[in-house]
Each structure stands twice: as structure tokens, then as C-alpha cells.
Amino acid sequence: MGLSRRTLLKAVPVAALPALAACDADRPGAAPDRGPAPSPTGAPTRPLGLRFPERFGWGAATSAYQVEGAAKEDGRGQSIWDTFSREPGRVRGGDTGDVAADHYHRYRQDLDLMKSLGLTSYRFSISWPRIQPDGRGTPNVRGLDFYKRLVDGLHERGIAPMATLFHWDLPQALQDRGGWEQRDSAGWFADYAEIVFRALGDRVPVWLTLNEPKTVVNVGYRYGVHAPGKRDFSAAMVAAHHLLLAHGRAVQAYRASGAKQRIGPALNLAPVYPADDTAGRDAPGVRTADGFENRLYLDPVLKGTYPADLEIDPLREVVRDGDLKVISSPIDLLAVQYYNPVFVGPGGESVTKLPTSIAEWQQIYPEGLYDVLTRVRRDYGDLPITITENGMPSEDELAGDRVADPGRITFLRDHLRQAHRAIADGVRLESYHVWSLLDNFEWAEGYAQRWGIVYVDYETQRRVPKDSARWYSDVIRRNAL
Ligand code: IFM
């Protein structure tokens with residue numbers, strides 16, 4: 001195995017407490033009011049009586065490489081994850097996404113499952129190498145047809161499709177041409193997006209351009225734990241700019257397509273706090289960490305500038321006149337993904353201060369979701385927000401027909417409670433998607449971490465809704481926690 005994401009966090013100097021209007025009781029590390037006591041198994045015992053707005057969207061998310069499998073079918077080309085996962089030592093256990101949860105073949109059954117859970121929204125991603133096997137040129141009709149069938153199946157079941165254009169599976173042919181380090185990547189992406197918009201533009205009410213560009217930049221280019229496996233700060237910063245440019249070009253392609261639905265990016269945001277409770281918001285390193293965690297992506301998209309305080313010279317060197325105008329092309333909504341806070345020690349280093357899930361990089365701090373959502377509103381305006389990922393992995397085991405995952409229920413309950421609190425304080429949060437619908441290929445961790453609310457028995461591909469799925473279904477039915 002290479003570096004884990006936790007090792008990364010420790011290695012990364014982090015740092016700026018945004019103006020968090022937190023009273024002492026809200027400070028990370030203070031004992032927060034977590035609501036009803038958990039049962040002896042750890043699962044919450046009674047409803048909290050918190051109603052969500054009418055028509056609040058209840059969803060679950062997946063991504064193509066993580067669930068589809070069918071890696072060589074219907075003309076799909078090779079992606080960088082097909083390549084990377086075959087390199088010795090890159091992925092735990094040598095796992096690949098060749099079969100994954102076999103969703104490509106079992107999508108109808110999965111759609112029925114979503115319906116039976118009561119989901120009203122499903123976030124999936126489109127595999128670029130299925131649409132353009134070589135990353136450029138004539139579209140592969142069979143690839144497009146799969147997503148047309150998927151979208152039709154969602155509509156038939158009354159579930160709103162939410163499609164991400166890029167969730168990390170870059171066509172290998174484009175990596176061979178330089179990938180995101182190459183300025184042309186923005187144009188390749190816009191061409192691909194245009195093909196998809198032409199096929200599906202108005203059938204999908206919400207489009208997401210990029211999934212977590214920060215993870216691509218840091219984990220893929222800076223620390224080499226994800227494809228394409230580079231360890232190069234300059235390359236990472238160059239890739240960051242081109243990813244953002246690609247986002248802007250895709251938004252422009254969307255407007256030009258005439259489609260009248262909505263589009264935005266999916267950004268993983270992390271509230272940044274000083275590890276020392278007595279340190280101020282301007283403690284050394286805190287602002288810098290906030291820059292690299294959040295503002296490097298939010299500022300160009302929503303303000304048309306890069307943060308002046310960050311040392312990102314390699315990025316600045318590739319910015320051309322007009323780029324920031326493209327990147328800040330007006331979006332319709334912001335997709336926020338929240339997993340963990342970041343604590344910054346006195347030397348600017350990342351500190352693990354709270355208990356983590358089995359993903360060691362994931363410190364669990366539900367209040368951080370409230371801080372992130374209200375911070376976006378305060379610093380970037382009153383835009384509509386959807387939560388497109390939130391969840392945790394656990395060591396789930398199938399016992400007969402049941403999978404008990406009380407820790408996940410507690411996690412989801414606590415985070416939804418903070419989402420509700422943010423709505424009550426004026427955040428225009430319109431939907432929530434748990435990560436993930438199904439257990440799936442968790443990148444460098446292979447199949448070792450189970451993130452789904454539905455258990456997948458990889459031997460038989462049987463799906464078993466975990467206790468958390470039943471709990472979530474009940475929340476959806478009541479539209480209340
Ligand atoms: O599985 C990933 C997903 O692909 C992107 N966001 C984080 C998840 C958990 O690590």
C-alpha cells in the first residue's frame with residue numbers, strides 16, 4: 001500500500017479558520033448536545049421530531065467506476081483507474097473496478113431498490129470512457145444508451161436523476177496526452193460535456209461538473225495515492241487550474257446547449273479549526289489550510305479570483321487572461337460534500353483530535369457540516385445548496401438477512417440534525433445524498449471499506465439493505481428526523 005489518506009493529512013501543512021460564528025459550546029472538542037442517547041447497540045432510539053421542508057430531496061450517491069463494473073463492455077475505453085489499479089501496490093488487495101457492484105447489468109434491480117427505500121433523488125456519474133473511449137471524438141452510442149436507460153428508469157420510478165460528468169475516471173488516452181496538466185483538457189472536457197448534454201440535457205434536473213477537484217489535486221497529483229499517482233506540487237497546482245477551467249467550460253457548454261435545468265460543481269469542503277481551543281482563528285497555518293481546503297475552489301468559482309494569500313505560483317503561471325471569467329461562469333447551485341473537519345496544530349500540521357471512522361482520515365464531527373453550510377452562505381452568498389455526499393465506512397457483516405450498522409445510523413442522524421439546523425438558520429439546502437447507496441470500490445482501499453447503506457455480497461452480487469437503509473427509509477417517509 002502507498003500512503004493512506006490519513007498519512008497524507010498529517011503530511012499536509014494545513015491552516016484559516018473562516019469567520020465561524022461559533023459560541024464556546026459549538027467549539028470542536030466541546031461536548032456537543034448529541035440528542036437522544038444511543039441504544040446499547042449504538043443506534044438512536046427515538047425520533048428527534050425535526051421536520052424537513054416540504055419537497056426536501058432525499059437521495060443516495062454512487063459513481064461509475066465504483067459501482068458499474070462491465071469494464072470492457074459495449075465499447076467502453078480504458079480509464080486511468082483501470083491502469084492504476086493494475087499497478088502493484090496501488091490498491092489494497094490488488095482490487096479493481098472490473099466488476100465492482102455490477103450495477104451496469106443490475107441497474108434495474110438497483111432502481112427498484114431505490115424506489116423501495118423511498119429515495120427521491122439519485123446521484124450517479126457518467127463514465128467518460130464509455131462515452132468517448134479514447135477521450136475525444138465520435139461518441140459511443142452504446143455508452144450513451146446505458147445512461148439514457150438509467151435516466152428513463154429513474155423517471156419511471158419518480159426519482160430525480162442527478163448526474164456528475166467527471167468522477168475521476170479520466171480516459172487513459174487523455175492521460176497519455178498529459179491529462180489535467182495539459183491545458184487542452186478543459187476543451188476535451190467541454191466537448192465531452194456537450195455530447196452528454198445533447199443526449200440528456202433536459203432529462204436531468206441537476207448536472208454536476210466535477211466531483212471533488214480537491215481530491216484529484218491532492219490525492220491524485222500531490223501525494224500519488226489515487227490515479228494518476230503523481231507526487232508533484234507544481235503538477236497538482238497546474239491540474240487544479242485546468243480542472244477549474246474545465247468546470248467553467250462545461251458550464252458554458254451547458255448554457256450553449258439550451259438546456260434549462262441546473263448545473264454546478266461538487267466540492268468537498270472541510271471546516272478548518274485550530275487544534276488548540278485557546279488559539280484564535282488567525283492561528284498560524286489555519287488560514288493557509290482553509291485556503292487549500294476550501295477557498296482554492298470556492299473563490300475562483302464564486303468570486304472569480306484565486307486566494308491572494310496562497311503560495312500557488314505554478315498555478316498562477318498557467319492562468320491566462322479571461323480564464324477566471326470562464327471559471328466563474330454563473331452556476332445554479334453548489335453541491336457540498338462533507339466528511340470531516342481539519343484541525344491545525346501550532347506548526348501548521350494537521351492533527352487528529354477526534355475519533356475517526358475506520359477511514360483513518362475521517363474525524364467525525366457532525367457540527368462541521370453546519371459550519372461549512374453556514375460559512376458558504378456567509379462568505380459566498382445565498383445560493384441553493386445540495387449535499388451530494390456524506391457518510392462513513394464500517395466493518396459490516398451479513399448475518400442471515402440482516403446487516404446491523406448502528407454506527408452509521410448515529411452518524412447519519414447526527415449529520416442530518418446539523419443539516420436541519422443550517423436550514424433553520426437560513427441556508428437554502430434543498431437535498432441530501434448519503435454516500436453511498438451501495439458498498440463499492442473505495443479507490444485505493446479497494447473493497448475493504450464498506451460505505452453503502454446497502455450491503456453488497458461481492459461473491460453473489462446480492463444486495464441486502466443494512467439497518468441504516470431501513471432507518472433512512474423511515475426518515476424519508478416521515479420527512480423528519
Ligand atoms: O468514495 C469516495 C467518493 O468517490 C468521493 N468522495 C469520498 C468518498 C469516500 O471516500
Side-chain angles (χ1 to χ4, degrees), residues 1-9 59-69 79-81 84-85 90-92 95-97 100-101 103 122-128 162-170 208-220 223 225-227 243 265-270 293-294 297 334-342 356-364 368-369 372 386-396 405 407-408 411-412 415 432-454 456 468:
M1 275 299 296
L3 289 168
S4 72
R5 278 167 88 172
R6 179 184 190 181
T7 321
L8 294 188
L9 282 172
T62 62
S63 89
Y65 191 75
Q66 293 179 274
V67 298
E68 282 180 2
S79 79
I80 56 172
W81 272 94
F84 188 76
S85 60
R90 294 297 203 179
V91 175
R92 188 184 291 271
D95 292 342
T96 72
H103 175 71
Y122 175 52
R123 176 191 177 225
F124 60 96
S125 82
I126 293 178
S127 157
W128 189 345
M162 185 180 281
T164 310
L165 288 167
F166 177 70
H167 197 124
W168 306 353
D169 46 357
L170 188 77
L208 303 172
T209 53
L210 306 177
N211 180 72
E212 298 187 1
K214 178 173 74 182
T215 309
V216 177
V217 169
N218 289 340
V219 191
Y223 300 108
V225 173
H226 282 184
L243 279 156
L267 303 182
N268 50 331
L269 303 178
E293 288 290 334
N294 304 306
Y297 306 93
L334 180 69
V336 171
Q337 319 206 144
Y338 175 72
Y339 286 96
N340 59 286
V342 169
T356 69
S357 72
I358 59 168
E360 291 183 331
W361 52 268
Q362 187 183 27
Q363 300 185 63
I364 299 180
L369 177 59
V372 153
T386 169
I387 294 173
T388 40
E389 287 186 27
N390 175 237
M392 61 170 270
S394 51
E395 280 159 353
D396 303 321
D405 58 341
R408 180 172 290 104
F411 179 100
L412 296 178
H415 283 78
Y432 173 90
H433 300 78
V434 62
W435 182 270
S436 175
L437 175 70
L438 302 170
D439 289 338
N440 60 49
F441 176 82
E442 175 54 17
W443 309 112
E445 297 297 333
Y447 296 98
Q449 291 182 358
R450 292 182 175 273
W451 287 78
I453 54 170
V454 174
V456 176
S468 58

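Each ligand, and each atom within it, is numbered from 1 in the order the structure gives.
Polar contact check, H167 against ligand 1: a nitrogen or oxygen pair lies under 3.5 Å apart. Checked against a 3.5 angstrom limit, the closest N/O atoms of W435 and ligand 1 fall inside it. Taking only nitrogen or oxygen atoms, main chain and side chain alike, W168 does not reach within less than 3.5 Å of ligand 1. For ligand 1, the polar-atom distance check finds an N/O of W443 within less than 3.5 Å of one of the ligand's N/O atoms. At a 3.5 angstrom cut-off on N or O pairs, W451 does not count as close to ligand 1. Below 3.5 Å of separation, one finds no N or O of N211 facing any N or O of ligand 1.
Close approach to E442 involves these atoms of ligand 1, each under 4.0 Å from a residue heavy atom: 1 (O), 2 (C), 9 (C), 10 (O).
Aromatic ring centres of Y339 and W451: separated by under 6.0 Å.
The existence of a salt bridge linking E389 and R123 is confirmed by a sub-4.0 Å separation between a basic side-chain nitrogen and an acidic carboxylate oxygen. R450 and D405 are not joined by a salt bridge, as no carboxylate oxygen comes within less than 4.0 angstrom of a charged side-chain nitrogen.
Relative ring orientation between F441 and W443 is described as perpendicular, the plane-to-plane angle rising above 60° on a 0-90° scale split at 30° and 60°.
Ligand 1 has at least one atom lying under 4.0 Å from a heavy atom of W361.
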